[in-house]
Structures are given as C-alpha cells and as structure tokens.
Amino acid sequence: MTPHVRFVSADRPFLPELARAWLDEATRDGRDPADGVLFLPTRRAARAAAAAFLDAKGGPLIMPRIAAIGAADEAALGILAGLDLPPAITAEERRAILARLILGMGGRDGAPTTLAAALLLADDLALLLDTAAQAEIDLAETLPGIVAPDLAEHWQRTLDFLSIVTRTWPAILAERGAVDPAVRQRMLIDAQAERWRLTPPAHPVWLAGLAAAPPALGRLARVVAGLPHGCVVLPGFDPDLPDKAWSMLDHTPTHPQAGLNRLAEAIGVRREEVAPLREGGATGRETRVALLRRAFLPTAPAADIAAASADGLWRLDAADEQDEARAIALTLRHALETPGRHAALVTPDRGLAQRVAAELERLGIRAEDSAGERLADTPPAVLLRLLAAAAASDYDAVPLLALLKHPLVNAGLPAGRCRALARRLDLLLRAALPGPGFSAMRHAADHSTKPDEALSTFLADLQVSLRPLSLGPAKTSPASLLAGLVEAAEAIADELWTGEAGAALSEHLAVQIAALDALPDVEATELVPLLDAVLGNARLRRPRARDANPRVAIWGMMEARLQRVDTLVLGGLVEGVFPAEPEPGPWLSRPMRRAARLPDDAERIGEAAHDLGILIASCDEVILSAPRRRGRAPAVPSRFLARIDLALRGAGSALKQHPASHWSTRLDQPTLRIARPRPEPRPPARARPISYSISKVTTLLSDPYAIYAGEVLDLHTLNPLQAETDAALFGTITHDALKAVTRTPDWASAPDAAARLAHAFTSELRGKRLRRALEAFWLVRLERIAEWIVEIERGRLADLGKADDIKVELPGEWRFGHFTVKGRADRIERRGETLAIIDYKTGSPPADKAVEAGSAPQLPIEAVIAEAGGFPGFTGKVTELAYWKLSGGATEGETRALFGGNAGPLRAVIDAARTQIPALLAYYADPATPFLDAPHPGRKPYDQPFAGISRRAEWQEDA
C-alpha cells in the first residue's frame, strides 16, 4: 500500500490548509470533525491550529484532539503502554548527579573544582546524552577508538573524561531503574507506533508539520502513513525540484529540502508519491518559490532564474543594531495602519527582539515576545543576584546601593521611607568613601559633619535582616547557602514572590535547591556563580497582557514555525546569528562527532533554511533586515540573504530597499534646529554672593556660571561612588595630620619627628575607614611624605633659623566694603616683621605665569589677608610665597618659591590682588552683570561640572 503522504507547498498557509483539508475530508466521509487526532511539532503550532479550525469552519465547532509531538507524554499520546516503561530521571536530578561526578574527579584532566562550573559542564554532558539518545547512538560503543594516534593528546584525555557518560552514568541509571528523558520520550513514541501498527485506530490520525525527524519520529511517521485513516503532511515540500538536485540532497544537509528528503526515506515513500493536500488556485507567490529554489541550489536550470521574482520582498539596510530595531518597529507600526493586517518580527537574536519591543513601546504599541524572557532577568531574580553580589563584596557601596534601589526592596519600611534612606546613604558614601561593611558605613554616618542617627539605625536594622546570609570562612552546603540567600531576600522584600515572575522563580528555586541538597559543601565565595548556574537559561513565558496588540507579534524561529502573517520582518540576518553558527560542543570536534555517528550540525542549517523559506514564501510582504554593523565590528550578511541577492542578480533584478531605514533616521531628528543663545543669568543683587572663599574667587575668574550654579542655584557636585582616589580627601588627611603635629616652630628637630608625623598620618587615614585598597595605597605615600617634610623642615631650621611662630590650617578673612574673602593658610610662618606663606599641594601647583596672569590668585590673596591682619596673631610684610608639592611617589615632594623668591614680581602680584579682587567682586555684585559660562577660552578650569546645565553643547561651536 502506498503510504499516505501529502504536502502543502511553501507559498500556501500551512495551518489553514491543514484545517480545511481535515474538515473537507470529514464532510466527504460523513464523520464528525472532532473524531481523530492531529499531531503538530510545537505547542504554539497546536494553539494556532485551533484558531485555523475556527476560521475554516466560520463558526464554533468541536475540534479534533490536537497535540504537540515535540512534548509527547502519556497524556498527549494517550498511551496505556507508557505505564510499563521505566521512569525518566528528572533533569534537575541528572544535573546534580553529573556535577557530583565531575567534582569527584578532583580537577583531573582539567575538570572544574567549583560547583558552579561543574553544574555548567553537567549541562553540556546532558546535552550530549540527549543528542545521542535522539539519534539512537550508543556512546559507549561509538566513542572508544575515534581518536586517531596522530591527534592531540588532549583529545584522548577528553575521551577519558567522557567515561562519565559511557560507563558511570549508564550504571547509575541501571541502579535506579530509570532512563534519560530523551530515551523515555523515544520509548513513548515507539510504544505508540507499535500500538497503532498492531491495532490501527478507526479514527483519522494525522502527523503534520515535520520538516525533519529523529529516527523514532521517522518510525512513527512510517506507521501513521500506513494507517487506513492516517496521513503525514509535509510543509514546504517542493515537487518541482529537479531530479538531479533531489538526488544531491543526501550530500547537501544545508539545503531546505534535505530534512524532508530524510523524512521521506524514513517513511519509505518516493517523491512522486507525495501529493498535494488540497487542490487550490494560484497564490501569486509561485515566482517567489522559484526564487528560493534558485537561491538555495545554484545548479537550478536557467528557466528557474527567469521565473524568479522578488515581488513583495524588501531589503532593510540599517546602520547598526539600534537603527535596525527602530526601523523594524516603524515597519510593524506602518503595517498596523491597515485594518485587519497582522505583522510579526521573526529573529533568533534575543537582543534585537528586546530592542524592537522597547521601540514599539515608545510608539505606544505593546508587543508580546513569545520566546519569553530569561528568568534570571526578571525583577525578583535580579534582586537575588544583586543581594548575592552585595554580600560577596561585603556590602560595598555600589553593590549595596544597587540592591537598596531595587523596586522590590523595602527593608521592612514603607517603600518611600526606604528609598529616602537609600538616597541619604548614597550621599554619605559619596562624601565619606568608607570601606565595605556595615560597621564602616555606620561609623561614617555617626561621625560625619552632620551625624545621621536615622541612617545609622537603618543600617543596623538592615544588617540584622541580612544576617541569614552569612558568608563565613567555613564551607557550607550549596542548598543551605542558597536558602540563606532566599531568607535574607524575603526579609528585605515583602513582595518577592508576587506575580508571574515571583511564582515562577519560587517554583524553580524550590526544585533546584532540593536537587543540590546531596552535593558537597562549597566555599561562600561561590555564591554569585552558583546562583547564576542555578538560574541558568530558564525562561518565563507570561500570559498575553491585556494591553498587548493582538495584531503584532515577536517570534523566535521555533515559535514562528508554520505561522503566517501579512507583513513579516526577518530581523538580524547576519552570519553567525541567522543561521546560528553550528557549535560541536566542548567535547568532540566535528570529525570526531562524525566518527561517533552523531548528527551533523549542518542539518540544523538546512532546517533553518526550510523554516525561512516557508516564511518568505507564505507571507504577503516580507522584509529582510540586516545591520551593517553588529557590536563594534562590521557585520557579514547571512548566507541566506546573500544567496537571495545572488539569485536575483543572476536574473537581472534586486531586492527593493524598504523606506523604513529613512524613517528611522528622521525619527529623532528635529524638523528645525534652533540655535540657543549663550545663557546670561542676571540674578538680583540680594541673591548674589558677597562672601567668597579664595577657591571660589578662582572659579569666578575662570567660570562665573559655576558660581551662579553653586551659590545662587545651590547646586553641588557629587563624588563618584567607590572613587579610586579623592584628591580633596587626601589633602584633608595631610593637612589635619600636619596641624596635629606641627604645633611648635622647632617640632622637626625632635629625633622622632618623622615617626610622630607618620603616626599622625596613619591615625587620620584609618579614622576615615576607607576602602582597604585605597588605604594601603595612600599609607605608603603618606609615610614617604612624612620623611620628606621632616627633612625639609630641618633644612629650613638650619638655613633660616627658628621661626617666631608657625601655624598650619589657620583660617583668616579679608573684609572690604560689604564683601568678605575667606581663606585658610596651609602653613604660615612669622619671623620678626616678615611672613612666609606656604601652600601644600597634593596635585600639581600652578605655574608662575598663571599666578602672574591672575588665573591662580590663591597665594597672593592669602598674602593680602595676612598684611591686612586677617590671620590672627600674624601681621607683617609677606616676603615669601611658596608651594610644597606632596606626592609621596618616586619623588616624595618638591618645594618651589613663587618667582624664585624674587621680591619685585612677588610684590607686584600681591598689590595686583589687593586692587583687582575688590573690583572683581563689585563687578559681579552689579545686577546688570551676567554670570557667563566659559567667557575666557584661555582660562578653562580642569573640572566643568555645570557645562550640561548651561546647555553648552547647544550654543558653543567647539563644545
């Protein structure tokens, strides 16, 4: 008897054709359409088939049983014999056992020694087991002997490692009386095939939509095709493929028809015996099928080249991935403008799918991503990952704040209160730069310039809440480690398990933690990679949201199989993504896989080409999209796209460029560029400052707008979190220690002066409780500075004698009119009627030219304050202004007297400051004077934090 094998051509919608054929046959045979069973490859195809039946009937009906053969179980197949089959070991239990076996190797032959790495390697072993089971390959029989003597020694070690799956694992399964999940599914399929062979069902049984099949499904298809009421329906079968081309398919696994060829051979049907499922009129896309035939088989006759057509096909050429996502979103939006039109993006690139979804949200369209999202990227899982990272860092600034600012975290407080305290902690950590740990943060809160008792209490309560997550030096069981993480997360997040994501995460962790219970203890430092390994690639598929647009979809290649829409976008058509580069895995090279008789990875490319061809041929409008750049490198167009381009070029044609690329470039471009004027803020006199520090006078000279922003608008910059260094804090530590030690003019003459100063530096440094790395870095520098300062001080004592008085960090002020200029002398000395002022610089001191030009007026202004009697206890004529550079590096320090101690230029800059500073402050006290941004190109300050507020880039040509 000729097997009952039918096909639906690629240009026809598969599922609607299948539904109409089923209903037509039921009507012709006078039977109930609900009588029978229909098997499809995926659950999504099964759901779409139900909708196709309703459309074909034009009203309600009782449908046949529709099941997904890819998820076959006793319920789907209706097998009673399945009850007699051995049970399948769960994936979680198998993973844990394999990980234990890997750890048991003790690192031999490169085996990992951490549980997280062992779990990931166990996943690769499980994939190898399932691949071999589906291909019905006995690895214990095929793997030995596949390594030739001339191959590298490490391949032989790899085979020794794989003894886990060839000897140890089969013994474990036999002891448990269980089988691998893939073996169990194969047994179920074979049991069903045997049952139907012995007792053919009286109702119709159709197996539809298979483009390729492993041996077990091939045997099932053979039995179904031989049933009295059975039928196998092939999608996208090409009966017009030339005989010569068909005969080459056994050696061309990447061809779209290669999988169908293998399936037909498994069924035992000749290609001329495969008939159309339904007769129908022309679809208008027959020439597109000819184009695809020519594109995927260059040996097609010239007649096919002439018949090839790109009607309805477009090329979308985008500059980069973001531009591609924006253009695709606009394309989908454009399709929705036609009532009743459905559109979809199909791509294996998950990054592109997420970008397109975000761009559609921007356009006011909610599109469901049918591939779901990684469970690890959902809010509750992100919270666990942030908590693990924070604990692993001993609650350092950045990880802790990232945790506290997570939307689910409330730390047992009202959400608003928790956010407010997190912001206060953020400001504290930027100002104090404490080291990790709650004690350091609480010390900073209690000893800041404004002690924050509420923040200190919040940190203490938070520390108690997180106590279940104790990362001590002792090893602990992985289940206990993760359980402590979960308990701590529950203590700071009341709604951790709410919603679909929380429920899915709770169920996933419960199963995974139970499977880890028997594994050996791990170091606490493994928490972060262990959590990542436990979360793995599990995905969350949410039910369709109520506000999702039912006419737009985002599908992966598996979800798009057998689907059809009016407008289809095939996105991310670059090599290595579409199709994905075949990966032989970490165990065997491609020649070794072939020697072990494992499936050829090239077959996956052929299956992808088949799915691609059906999508292109069956949809009315198809846009083929590829970015010119991917990441930071040029992108190579997909081989599929390249073949279509070459086929059209041979026919003297080409793909039309879709206008969406131009839409994308214009979307964010303003229709009119308005040149903004330079800001000229003129606050009233009462709002203008009349009291300046010396540093603010310097800022006023170079960037008046910064004074407006800081003094009038009261805006202040923040330090970065976990700053590597902080020059201001280093200077504070240096100055405070010098102030504590240099109380007498001859302090440096003491034998232990260097040790006392170094001890003062150390005390000040450790009192700040900074990060250990920063403390260690600064401590070495400060010790070198202490020795250098003592040496310089002793030299001054020898050359100049003992000063009458000396002070460090002495405040003073200069009053004139209603203005006040305040300053603090780093060091001031009095010898008789003369004064010397020395400025400590932990950075680079200004050059003499800058001081002479007036752009660095600090020391001249301090001299004016001193000569005006502004420094208590120090009056006289300033005869020395000098810089001491305190670096603590290879060169411990450097002294430089301003103008080399030349009295003429020194007196000139002091007198200039005495006359020019009052005029400067009076000028900016005038309400008519604007505080301009960057008015002096030659006086640009090193730091310009307010350039964004002044919107400098909008009015300055060289911004």
Checklist entry - If you measure from the Lys or Arg side-chain nitrogens to the Asp or Glu carboxylate oxygens, is any gap between R952 and E954 under 4.0 Å? => result no
Next on the checklist: L421 vs L404, test: side-chain contact (heavy atoms from CB on, under 4.5 Å). Steps then yes/no.
Outcome noted: CA-CA 9 Å; L421 288 168; L404 292 178; over 6 Å; no
Checklist entry - Looking at CD1 of I733 and CZ of R766, how far apart are the two atoms once the value is rounded to the nearest 0.5 Å? => result 12.0 Å
Checklist entry - Going by atom types alone, do D703 and Q944 pair a side-chain donor with an acceptor below 3.5 Å? => result no
Checklist entry - With distance as the sole test, does W955 use its side chain to make a donor-acceptor pair with the main-chain N or O of S950 at under 3.5 Å? => result yes
Checklist entry - In this structure, which one of V821, I690, T820 forms a side chain to side chain contact (heavy atoms under 4.5 Å, CB included) with L921? => result V821
Checklist entry - Is the shortest heavy-atom distance from the side chain of R682 to the side chain of T929 under 4.5 Å? => result no
Next on the checklist: Quick check against the 3.5 Å criterion: does D396 have a side-chain atom that pairs as donor or acceptor with the backbone of V398?
Outcome noted: no
Item to check | Step-by-step side-chain contact (heavy atoms from CB on, under 4.5 Å) determination, L469 to L527 | outcome: CA-CA 10 Å; L469 181 56; L527 175 60; 3.8 Å; yes
Checklist entry - Does the pair E867/R907 count as a salt bridge with the N-to-O cut at 4.0 Å? => result yes
Checklist entry - Would you say the side-chain atoms of S470 pair up with the backbone N or O of R467, donor to acceptor, closer than 3.5 Å? => result no
Checklist entry - Can you check whether P945's main-chain N or O pairs, donor with acceptor, with T717's side chain at less than 3.5 Å? => result no
Checklist entry - Checking side-chain contact (heavy atoms from CB on, under 4.5 Å) for the pair S702/H936: CA distance, chi angles, key distance, verdict? => result CA-CA 6 Å; S702 60; H936 309 294; 6.0 Å; no
Next on the checklist: Parallel, tilted or perpendicular, judged at 30° and 60°: which one describes the rings of F816 and W814?
Outcome noted: tilted
Next on the checklist: Between R824 and D826, does any side-chain N to carboxylate O distance fall below 4.0 Å?
Outcome noted: no
Checklist entry - Can you list every ring-ring contact (aromatic ring centres under 6.0 Å, His included) pair that touches residues 400-426, not counting sequence neighbours? => result none
Next on the checklist: Would the distance check show the side chain of R419 and the main-chain N or O of K405 forming a donor-acceptor pair, the cut-off being under 3.5 Å?
Outcome noted: no
Checklist entry - Does a side-chain heavy-atom distance below 4.5 Å link R951 with P679? => result no
Checklist entry - Between R678 and D933, is there a side-chain N and carboxylate O pair less than 4.0 Å apart? => result no
Checklist entry - Is the backbone N or O of A325 less than 3.5 Å from a side-chain atom of R355, with the two atoms forming a donor-acceptor pair by type? => result no
Checklist outcome for this item: Partner of E829 under side chain to side chain contact (heavy atoms under 4.5 Å, CB included), picked from D805, L835, I806, is I806
Next on the checklist: Nearest 0.5 Å, please: how far is CD1 in I828 from CD1 in I837?
Outcome noted: 4.5 Å
Item to check | Aromatic contact, Y395 with F438 (centres under 6.0 Å) | outcome: yes
Checklist entry - With a 4.5 Å limit on heavy-atom distance, are the side chains of I861 and I917 in contact? => result yes
Item to check | Whether over 12 other heavy atoms sit under 6.0 Å from E495 CD | outcome: no
Checklist entry - Stepwise, does the salt bridge (Lys or Arg N to Asp or Glu O under 4.0 Å) test hold for R896 with E894? => result CA-CA 7 Å; R896 180 168 66 83; E894 178 184 352; 5.5 Å; no
Checklist entry - Between E892 and I785, is any pair of side-chain heavy atoms under 4.5 Å apart? => result no
Checklist entry - Are any side-chain N or O atoms of H447 and backbone N or O atoms of H443, one a donor and one an acceptor, separated by less than 3.5 Å? => result yes
Checklist entry - Should L425 and L400 be marked as a side-chain contact (heavy atoms from CB on, under 4.5 Å) after you check the CA-CA gap, both sets of side-chain angles, and the distance that decides it? => result CA-CA 10 Å; L425 179 61; L400 177 62; 4.0 Å; yes
Checklist entry - Salt bridge or not for D377 and R385, using N-O below 4.0 Å? => result yes
Checklist outcome for this item: d(S456 OG, D446 CG) to nearest 0.5 Å is 4.0 Å
Next on the checklist: Counting only heavy atoms from other residues, nucleotides and ligands, does the tally under 6.0 Å from CZ of R815 exceed 12?
Outcome noted: no
Checklist entry - Between R781 and F730, is NZ or CZ placed under 6.0 angstrom from the six-membered ring centre and within 45° of the ring axis? => result yes
Checklist entry - Are T742 and I789 side-chain neighbours, meaning at least one heavy-atom pair lies under 4.5 Å? => result no
Item to check | Check ion pair E852-K849 (N to O, under 4.0 angstrom) | outcome: no
Next on the checklist: For the CD atom of E775 and the CG atom of L779, what is their distance to the nearest 0.5 Å?
Outcome noted: 7.0 Å
Next on the checklist: Using a strict threshold of under 4.0 Å (side-chain N to carboxylate O), is an ion pair present between D736 and K739?
Outcome noted: no
Checklist entry - Does R796 pair with E793 as a salt bridge, N-O distance under 4.0 Å? => result no
Checklist entry - Below 4.5 Å, heavy atoms only, C-beta onward: do V909 and F899 meet side chain to side chain? => result yes
Next on the checklist: Just so I know, are the side chains of I792 and T895 near enough to count as touching, which here means a heavy-atom distance under 4.5 Å?
Outcome noted: yes
Item to check | Plane angle bin for W884 and W788 - parallel if under 30°, tilted between 30 and 60°, otherwise perpendicular | outcome: perpendicular
Checklist entry - Between R688 (side chain) and P927 (backbone), is there a donor-acceptor pair under 3.5 Å? => result yes
Item to check | N-O pairing of D426 and R430 below 4.0 Å | outcome: yes
Item to check | Residues that R756 engages under side-chain contact (heavy atoms from CB on, under 4.5 Å), provided they are two or more places apart | outcome: V741, A750, D752
Next on the checklist: Can you confirm whether V851 sits close enough to P857 that some side-chain heavy atom of one is under 4.5 Å from a side-chain heavy atom of the other?
Outcome noted: no
Checklist entry - Can you tell me how far the CG atom of L387 sits from the CG atom of L496, to the nearest 0.5 Å? => result 10.0 Å
Checklist entry - Should the heavy atoms of other residues, nucleotides or ligands under 6.0 Å from CZ of R417 be counted, would the total exceed 12? => result no
Checklist entry - How many angstroms lie between CG in L462 and CG in L403, if you round to the nearest 0.5 Å? => result 7.5 Å
Checklist entry - Is any NZ, NE, NH1 or NH2 atom of the basic residue among D839 and K841 found under 4.0 Å from an Asp or Glu carboxylate oxygen of the other? => result yes
Next on the checklist: Using modelled atom types and a 3.5 Å cut-off, is there a donor and acceptor pairing between side-chain atoms of E321 and backbone atoms of G631?
Outcome noted: yes
